[in-house]
Amino acid sequence: MTEFQFRDNEFRWVQVYELLKRRILEGTYAPHTPLPSETRLEQELGVAKKTTRKAVHRLREEGLVYTKPNLGNFVTDRTDDVGDKAGE
């Protein structure tokens, strides 16, 4: 991944959210594959855990990712019409 440059005039969690959303929509993270862990994102982007957590929470609210307990966050298959990804 290329180095990410933060904008000073916007919350960092919003910028992390936008970056992850772009990576999902562009196919960098394929459907049903895990997102990088919070720790990995923190290290890659140089942000706090709270920042990555809030960004991922927003992705989950928008239906772009789903969570499997004890396994992590996974990319939703946008071609599926099924609303509940958590049960897969």
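All values reported here derive from a predicted model rather than from experimental measurement. What's counted below: heavy atoms across the whole structure, side chains too, no hydrogens, waters or symmetry copies. Positions are given from 1, in the same order as the sequence printed here.
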Q: Does the side chain of Tyr66 reach to within under 4.5 Å of the side chain of His32, using non-hydrogen atoms?
A: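 Contact flag for Tyr66/His32 side chains = yes.
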
Q: Knowing that exactly one of Leu45, Leu25, Leu59, Leu64 qualifies, which makes a side chain to side chain contact (heavy atoms under 4.5 Å, CB included) with Leu20?
A: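 Single pass found, and it is Leu59.
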
Q: Quick one: does any side-chain atom of Gln15 pair with a main-chain N or O of Arg7 as donor and acceptor, under 3.5 Å?
A: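 Pair found, side chain donor or acceptor close to backbone of Arg7.
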
Q: Looking at Arg12 and Glu18, does any basic side-chain N land under 4.0 Å from a carboxylate oxygen?
A: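 Salt bridge absent between Arg12 and Glu18.
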
Q: Is there side-chain contact between Lys54 and Lys50, with heavy atoms separated by less than 4.5 Å?
A: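 Result no, sub-4.5 Å side-chain heavy-atom pair not found.
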
Q: Surrounding CG of Asn9 (heavy atoms of other residues, nucleotides or ligands, distance under 6.0 Å), is the total greater than 12?
A: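 Yes, CG of Asn9 has more than 12 neighbouring heavy atoms, counting only those of other groups under 6.0 Å.
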
Q: Restricting to non-hydrogen atoms, name the atom on Tyr29 and the atom on Leu41 that form the minimum distance, rounded to 0.1 Å.
A: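 Heavy-atom minimum between the residues: OH-CD2, 4.5 Å.
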
Q: Report the residues that fulfil side chain to side chain contact (heavy atoms under 4.5 Å, CB included) with Arg60, sequence neighbours left out, ordered by chain and then residue number.
A: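 Residues passing side chain to side chain contact (heavy atoms under 4.5 Å, CB included) with Arg60: Val56, His57, Val65, Thr67, Asn73.
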
Q: Can you check whether Phe6 reaches Val47 side chain to side chain, under 4.5 Å on heavy atoms?
A: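 Counting from C-beta outward, Phe6 and Val47 do come under 4.5 Å.
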
Q: Rounded to the nearest 0.5 Å, how far apart are CD of Glu38 and OG1 of Thr51?
A: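 Here the rounded value is 10.5 Å.
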
Q: About how many Å separate CD of Gln43 and OG of Ser37, when rounded to the nearest 0.5 Å?
A: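 These two atoms lie 7.5 Å from each other.
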
Q: Compare all side-chain heavy atoms of Val75 with those of Leu35 and state whether any distance is below 4.5 angstrom.
A: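 Result yes, sub-4.5 Å side-chain heavy-atom pair found.
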
Q: Give, for atom CD of Glu61 and atom OH of Tyr17, the distance between the pair rounded to the nearest 0.5 Å.
A: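 Interatomic distance, Glu61 CD to Tyr17 OH, rounded to 0.5 Å: 9.5 Å.
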
